[in-house]
Amino acid sequence: MMVARSVKRIWAVFKARNLEYLRDRASFGWNLIFPVLIVLALAVVFSGPPQGIFSITYLGTEEARPALLAFPGIETVETTDESRALDRLARQQTDMVITVTDGAVRYWVNGYSAAGALTEQLLKFSESRPLISGRTEGDGIRYIDWVIPGILGMNMMYSALWGVGYVVVRYRQAGYLKRLKATPLTKFEFLSAQVMSRVMVTLSASTIVFVGTNLLLEYKMVGSVWLLLLIALIGALSMITMGLAIASRTESKEFADGLLNALTFPMLLLSEVWFSLEGSPEWVQWIAMTLPLTHMLDAARAVMLDDAGLWEIAPHLGVLLIFCGVGMAISTRLFKW
Amino acid sequence: MAETAVLTLDHVSKHYDDVLAVNALSFEIIEGQCFGLLGPNGAGKTTTLEMIEGMTPPTSGEIRYRGGPVPANYQDRIGIQFQATALQDFLTPYDNLKLFSAFYDRPLPMQTLIDAFQLQEFLHRDTRRLSGGQRQRLLLALALVHDPEIVFLDEPTTGLDPRSRRDVWEVVRRLKAEGRTLVLTTHYMEEAEVLCDDLIILSHGSIIRHGSPKALLAEAGVDTLDELFLSLTGERLDAAEATA
Ligand SMILES: Nc1ncnc2c1ncn2[C@@H]1O[C@H](COP(=O)(O)OP(=O)(O)O)[C@@H](O)[C@H]1O
Ligand SMILES: [Mg+2]
């Protein structure tokens, strides 16, 4: 009986919040259109003609450098990390990996890449030492493939944090929460309805944007859709509860705005929304690991680009669930009408 | 007929840091009557009302409901209209009635409320586009959805045009006729004279007079509560409104 009553109230608040969101044409439209616009703009920017430069990754040794590396139009990246270099080759981020051992030139190209085939011909023509070939396969990853999860994740972050954090503070400042306090509605019921409504809104908006942009651009998505949805769900929840925690006592919209910006700015910068942090100082990467968006994007990219399974992304999901737990604990304990 | 005290205040005070907003108030609110808290802005009307509603705890003193402690389901028995209430954006009076009805076990039929407060005409309009009087009627309806026995109204007519003000008076009279207890605040003397059976005049958090409008006027030998207040404090009751 108690539970039925609670469910009825949660449902009523959930519906009212959804109505408010759906009827707010301006922000509703913006939530859907904004990410699509970014994706389209990026597609235009990055669809220009190829640069006409071959990229070769050179695993340096004591022996004489292959003459090919000195050719005009060849860009050389030197490294000692062979497996990283081969990973990059599989993703077509480089066209050839090359090294010289015991007087022989050993090289790898990606069987799917035309640029790889061309550099291979150039190598045969320019090298007098014996050649040993290795082969890797793998579709290239374009920037657009890599950045799409970032854009979707960023959009979810804004929708989750502002959609509850800012809205609840606005309710409080305007006196609406006080009016609700004067009814039998409990804090828990109110907070649950806010979380449910925002999860639904965020997930459906992201799904629409995901499907829509994928139809337009056919970016890479090799993994399980269900796993991706699970990541989106837990990721959205972790940020929604964070938004609630911020809103639990804050009385002014301006202050909430400041807090939310202070929270989203590091994520925008360090959670690999736009660019990879590979090669950045270790302390930067440490900070990045304390941000929920980093884990959400890492997991999403693993599924979308590398077909990762549940156990591979489980650590990320675990961290996100910890964020959910902490956020929910803070907001239910601290929340004041 | 024996008069039953529904609510009793016993030396109730409220401090905000170093401000003494309400100073040791003691009075009874009689069942079925309209009780008024009268005073200029800042006198402590809202603070007193919110302590009786259970919205704010008193710093000291005691509030009793029918002679005992305030019951756990007190919220179900009272209906509140705050001095300033925001509603959710983009919702209509209809949406709001549905929402608030869902909070209670036995809400009044929606049509009854729509008729009683004449909401039909603007039932499906965004609440942000209602006039002051329409909005006030909606807020009254929301305070009444669960058919409460005590209704609290904080300055229900402030800022309304004379016609809307009279509409609210009508509603108050009807609620009283239905047997409900009403507690309202106002800084309009005329309103208190017309509506209230019993009232206190507050100034700087303290009661300066307590009684029925008639008795207070007769005792002071004046014609209006306005004159009474002026003679008591040298201030005009609605002076604050002119600047507000
Ligand atoms: N939350 C609060 N914090 C500090 N002071 C308050 C608060 N609420 C009211 N006061 C002060 O208490 C006094 C009484 O206020 P209030 O009860 O709102 O008066 P009224 O409703 O009669 O205009 C005023 O001096 C007001 O400034
Ligand atoms: Mg007031």
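All values below were derived from every heavy atom in this structure, side-chain atoms included, with hydrogens, water molecules and symmetry-related copies excluded. Below, chain A is the first sequence line, B the second, and so on; all start at residue 1.
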Show me, pair by pair, the donor and acceptor atoms from chain A and chain B that are under 3.5 Å apart.
from, atom 1, to, atom 2, distance (Å)
A:R5, NE, B:D105, OD1, 3.1
A:R5, NE, B:D105, OD2, 3.2
A:K8, NZ, B:Y104, O, 3.0
A:R9, NE, B:F103, O, 3.1
A:A16, O, B:Q88, NE2, 3.4
A:E20, OE1, B:Q88, NE2, 2.7
A:R23, NH1, B:F90, O, 2.9
A:R23, NH1, B:D95, OD2, 2.7
A:R23, NH2, B:D95, OD2, 3.4
A:Y171, OH, B:Q88, NE2, 3.2
A:A174, O, B:A86, N, 3.4
A:Y176, OH, B:Q88, OE1, 2.9
A:K178, NZ, B:E50, OE2, 2.6
A:R179, NH2, B:L142, O, 3.4
A:K181, NZ, B:M55, O, 3.0

Pairwise distance CZ(B:F103) to CG(A:L180) - rounded to 0.5 angstrom
5.5 Å
Applying a strict 4.5 Å limit to non-hydrogen atoms, the region of B:L142 in contact with chain A is both
Can you tell which part of A:V13 gets under 4.5 Å to a heavy atom of chain B, answering side chain, backbone, both or neither?
both
Looking at every heavy atom in both A:A12 and B:L99, which two are closest together, and how far apart are they?
O-CD1, 3.5 Å
Minimal heavy-atom distance between A:A182 and B:I80, with the atoms involved, is CB-CD1, 3.7 Å
Quick check for you: among B:A86, B:G54, B:A102, which has the greatest number of heavy-atom pairs under 4.5 Å with chain A?
B:A86
